[in-house]
Amino acid sequence: MIYQILTIPNKILRERSEEVTNIDRNIIKTLDNMAETMYAAPGIGLAAIQVGIKKRLVVIDCDYNQETKKNPHYFINPEIIWKSEEKRSYKEGCLSIPEYYEEVERPSKCKVRFLDKKGITKELDCEGILATCIQHEIDHLDGKLFIDYLSRLKKSSIEKKFKKSNKRKN
Ligand code: GNR
Ligand code: NI
């Protein structure tokens, strides 16, 4: 099942998602649907809050393209337990802020702790696009968007644009 993706200025995107306490059939189904939604979008990552589900669930597949097999990575209650001093800048996009891309500087490497689908605690060393993407997704779980890192001028102009475009639709 493909979920509908919420876009700014929807206030749900600003809420903090809740920890998952029990990995039941419903959670597994939600993760599978999130992956389907991510591939359909298409995107390289998706946080549950982007489809209106306020749970700390993330799916990522950074190296998917038409020639490669799908290889979704599922993260339950992910947290960053280490980040590098070294930073890198990457032109980010977000399915909740369609067709807008801007450079964002973040730690170039990080270590993430999470539960897998079986409820086993795992740790993963991330670098490159995966490091950028997992930080972007964990931000979503805390109600944060990549435009929050931009200048006030850039942020307010993009917010204004999306407020207007929503008015035209309604
Ligand atoms: O599809 C996505 N691409 C992307 C590119 C650079 C940095 C982060 C991302 S994540 C984004 C999908 C999305 O909005 N996830 O929350
Ligand atoms: Ni996003």
Side-chain angles (χ1 to χ4, degrees), residues 1-20 27 30-80 83-84 86-112 114 124-151 154-155 157-159 161-163 165-166:
M1 190 195 120
I2 292 173
Y3 295 125
Q4 196 183 321
I5 297 172
L6 308 179
T7 55
I8 57 165
N10 194 314
K11 285 199 172 65
I12 294 169
L13 292 167
R14 292 308 192 171
E15 293 179 11
R16 185 188 180 275
S17 299
E18 282 152 19
E19 267 79 17
V20 172
I27 294 292
T30 302
L31 284 166
D32 291 339
N33 289 337
M34 283 171 61
E36 201 182 336
T37 305
M38 174 184 75
Y39 291 118
I44 61 169
L46 189 73
I49 196 73
Q50 292 181 275
V51 296
I53 298 169
K54 230 172 89 175
K55 296 196 171 103
R56 301 186 82 81
L57 299 172
V58 165
V59 59
I60 292 178
D61 188 349
C62 282
D63 25 54
Y64 178 65
N65 61 60
Q66 271 133 352
E67 289 99 69
T68 60
K69 276 220 180 83
K70 288 175 183 169
N71 186 21
H73 291 271
Y74 300 101
F75 300 86
I76 301 169
N77 299 341
E79 47 180 327
I80 291 170
K83 48 193 180 190
S84 62
E86 186 197 15
K87 306 278 200 288
R88 77 155 195 158
S89 179
Y90 194 88
K91 196 154 200 158
E92 296 196 17
C94 182
L95 294 170
S96 297
I97 313 168
E99 287 159 55
Y100 181 74
Y101 305 89
E102 194 52 85
E103 295 282 340
V104 177
E105 196 176 82
R106 300 182 187 269
S108 58
K109 295 175 183 172
C110 63
K111 195 179 182 93
V112 179
F114 62 99
L124 184 65
D125 288 305
C126 304
E127 57 176 50
I129 179 66
L130 178 59
T132 297
C133 190
I134 191 75
Q135 292 175 68
H136 174 117
E137 303 310 337
I138 292 173
D139 274 354
H140 273 301
L141 304 182
D142 295 321
K144 198 167 171 112
L145 300 169
F146 83 86
I147 53 171
D148 299 349
Y149 296 101
L150 307 179
S151 69
K154 272 186 187 164
K155 186 183 170 183
S157 79
I158 185 77
E159 283 175 331
K161 198 181 122 197
F162 276 90
K163 263 178 214 159
S165 67
N166 272 29

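Every number for a ligand or one of its atoms is a count from 1 in the order of the listing. All residue numbers refer to positions in the sequence shown, counting from 1.
At least one N/O-N/O distance between His140 and ligand 1 falls below 3.5 Å. The N/O atoms of Gln50, backbone and side chain alike, include one that comes under 3.5 Å of an N/O atom in ligand 1. In terms of N/O distances under 3.5 Å, ligand 1 is not approached by Cys133. Residue Glu92 has no nitrogen or oxygen atom sitting less than 3.5 Å from a nitrogen or oxygen atom of ligand 1, judged on distance alone.
Among all protein heavy atoms, the one lying closest to atom 1 (O) of ligand 1 is Ile44 N, 3.0 Å. For atom 8 (C) of ligand 1, the closest heavy atom belonging to the protein is His136 ND1, 3.6 Å. In terms of protein heavy-atom proximity, atom 10 (S) of ligand 1 is closest to Glu137 OE2, 3.6 Å. At the shortest separation from atom 12 (C) of ligand 1 among protein heavy atoms lies Gly45 O, 3.2 Å. Nearest protein neighbour of atom 11 (C) of ligand 1, counting heavy atoms only, is Gly93 O, 3.6 Å. Atom 14 (O) of ligand 1 has as its closest protein heavy atom Leu95 N, 2.8 Å.
One distance of note links CG of Leu95 with CE of Met38; it measures 9.5 Å at 0.5 Å rounding. Between atom CD of residue Glu99 and atom NZ of residue Lys161 there is a gap of 7.5 Å, rounded to the nearest 0.5 Å. Rounding to the nearest 0.5 Å places NZ of Lys109 at 9.5 Å from CG of Asp125. Taking CG of Leu150 as the start and CD of Glu159 as the end, the distance is 10.0 Å to the nearest 0.5 Å. Atom CG of Leu124 sits about 7.5 Å away from atom NE2 of His73, to the nearest 0.5 Å.
Contact atoms of ligand 1 toward Gly43: 1 (O) (distance under 4.0 Å to a heavy atom of the residue). Those atoms of ligand 1 with a heavy atom of Cys94 less than 4.0 angstrom away are 14 (O). With ligand atoms numbered from 1 in the order given, ligand 1 contributes 6 (C) to contacts under 4.0 Å with heavy atoms of Tyr90.
For residues 6-17, the pairs satisfying salt bridge (Lys or Arg N to Asp or Glu O under 4.0 Å) are Arg14-Asp148, Glu15-Lys54, Arg16-Glu19, Arg16-Asp142, with sequence neighbours left out.
For the pair NE2 of His140 and NE2 of His136, the angle at the Ni ion (ligand 2) is about 100°; rounding is to 10 degrees.
Of all the heavy atoms in Tyr74 and Ala35, the pair that sits closest is OH-CB, 3.7 Å.
Among Val51, Val58, Asn33, Leu31, the one residue that satisfies the side-chain contact (heavy atoms from CB on, under 4.5 Å) test with Leu46 is Val51.
Asp139 meets the salt bridge (charged side-chain N to carboxylate O under 4.0 Å, His left out) test with Arg106; sequence neighbours excluded.
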